[in-house]
Enquirer: 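Take this structure, written in structure tokens, and hold onto it; I'll ask about it next.
Since the model is a prediction, treat every value here as computed from it, not as a measurement.
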Amino acid sequence: RFLLLAKFATQLPEASVVAAVDERRKHLADEIAHLQQFIEDECENPGAVWIARYGIACMAASLDYLDKEGPQLIAMAQDPVADAAE
């Protein structure tokens with residue numbers, strides 16, 4: 001859903017894009033916390049721990065990208081002032 005919204009960001013109100021970016025950030029942070037807790041709960045399966053660490057790395061990279069590039073996506077959205085003037 002997030003990537004679909006990103007694809008059409010230029011046709012959406014800024015508030016919708018901001019909300020989507022914020023929601024995605026929260027989702028990623030929650031998933032990272034969940035996986036970290038899984039590891040801290042002393043999972044005894046080394047493969048499962050490896051998978052959890054891999055997931056954390058992937059989601060952390062995605063979160064980092066949103067932190068750096070999210071403002072660019074938001075800037076693509078329609079300006080509410082311009083919409084009101086039309």
Side-chain angles (χ1 to χ4, degrees):
R1 175 182 163 192
F2 175 74
L3 294 177
L4 183 63
L5 184 136
K7 180 178 180 179
F8 294 104
T10 59
Q11 300 169 4
L12 295 170
E14 182 179 311
S16 296
V17 178
V18 168
V21 169
D22 289 346
E23 183 179 302
R24 186 67 180 162
R25 279 187 179 126
K26 181 181 180 334
H27 171 75
L28 290 166
D30 289 349
E31 288 296 314
I32 289 168
H34 175 78
L35 290 173
Q36 287 172 331
Q37 187 61 52
F38 172 79
I39 292 169
E40 290 171 14
D41 287 343
E42 299 181 24
C43 175
E44 295 181 17
N45 182 318
V49 171
W50 186 93
I51 291 167
R53 288 185 178 142
Y54 177 76
I56 290 169
C58 292
M59 286 184 251
S62 184
L63 189 56
D64 182 58
Y65 188 83
L66 279 178
D67 289 342
K68 291 178 182 172
E69 304 296 334
Q72 181 183 5
L73 181 64
I74 292 167
M76 293 178 201
Q78 293 184 2
D79 182 2
V81 175
D83 292 343
E86 292 177 357

Enquirer: Quick test of your reading: applying salt bridge (Lys or Arg N to Asp or Glu O under 4.0 Å), list the pairs with at least one residue in residues 66-75, sequence neighbours left out, ordered by first then second residue.
Expert: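 Every salt bridge (Lys or Arg N to Asp or Glu O under 4.0 Å) pair that includes a residue of residues 66-75, provided the two are not neighbours, is R25-D67, D64-K68.
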Enquirer: For the SG atom of C43 and the CD1 atom of I51, what is their distance to the nearest 0.5 Å?
Expert: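 Rounded to the nearest 0.5 Å, the SG-CD1 separation comes to 9.5 Å.
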Enquirer: Can you tell me how far apart CZ (R24) and NE2 (H27) are? Round to the nearest 0.5 Å.
Expert: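 Rounded to the nearest 0.5 Å, the CZ-NE2 separation comes to 5.0 Å.
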Enquirer: Is it true that atom CD of E44 has more than 12 heavy atoms of other residues, nucleotides or ligands lying nearer than 6.0 Å?
Expert: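 12 or below, so no.
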Enquirer: First locate atom CD of Q11, then atom CD of Q78, and finally report the distance between them rounded to the nearest 0.5 Å.
Expert: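 If we round to the nearest 0.5 Å, Q11:CD and Q78:CD are 7.5 Å apart.
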Enquirer: Can you see which heavy atom on A20 is nearest to which on L5, and at what distance?
Expert: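 In this case the closest contact between A20 and L5 is CB-CD2, 3.5 Å.
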Enquirer: Quick one: pull up CD in Q72 and CE in M76 and give me the separation to the nearest 0.5 Å.
Expert: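 Going from CD on Q72 over to CE on M76, the span is 4.5 Å.
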Enquirer: Under the salt bridge (Lys or Arg N to Asp or Glu O under 4.0 Å) rule, what pairs show up with a residue in residues 50-60, not counting sequence neighbours?
Expert: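 Listed by first then second residue: nothing to list.
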Enquirer: Take D22 and K26 through the test salt bridge (charged side-chain N to carboxylate O under 4.0 Å, His left out) and record every step on the way to the result.
Expert: CA-CA 6 Å; D22 289 346; K26 181 181 180 334; over 6 Å; no
Enquirer: Please give me the minimum heavy-atom distance between I32 and A60, naming the atom from each residue.
Expert: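 Nearest heavy atoms, I32 then A60: CD1-N, 3.7 Å.
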Enquirer: For a quick test of reading the model, state the closest non-hydrogen atom pair linking L66 to F2 and the distance between them.
Expert: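 That closest heavy-atom pairing would be CD2-CZ, 3.7 Å.
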Enquirer: Within this structure, what is the CD-CG distance for the pair E23 and L28, rounded to the nearest 0.5 Å?
Expert: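 Going from CD on E23 over to CG on L28, the span is 11.0 Å.
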Enquirer: So does Y54 have more than 12 non-hydrogen atoms from other groups sitting under 6.0 Å from OH?
Expert: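 No, not enclosed.
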Enquirer: Check A77 against L12 and note the closest heavy-atom contact, atom names and distance.
Expert: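 Closest approach of A77 to L12, heavy atoms only: CB-O, 3.6 Å.
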Enquirer: Does I74 share a hydrophobic cluster with L4, counting links as ILVMFWY side-chain heavy atoms below 4.5 Å and allowing steps through other members?
Expert: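 Shared cluster, no.
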Enquirer: Could you tell me which non-hydrogen atom of M59 sits nearest to which non-hydrogen atom of E31, and how far apart they are?
Expert: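 So the two residues come closest at SD-CB, 3.3 Å.
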Enquirer: Are L3 and V21 in one and the same hydrophobic cluster, where Ile, Leu, Val, Met, Phe, Trp and Tyr link if side-chain heavy atoms are under 4.5 Å apart?
Expert: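 Yes; tracing contacts between hydrophobic side chains, which count when under 4.5 Å, links both residues.
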Enquirer: Are L63 and I39 connected in a single hydrophobic cluster, I mean Ile/Leu/Val/Met/Phe/Trp/Tyr linked by side-chain heavy atoms less than 4.5 Å apart?
Expert: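 Yes; L63 is reachable from I39 via cluster members.
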Enquirer: Any idea which heavy atoms bring A52 and F38 closest together, and the distance?
Expert: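 The answer is CB-CD2, 3.8 Å.
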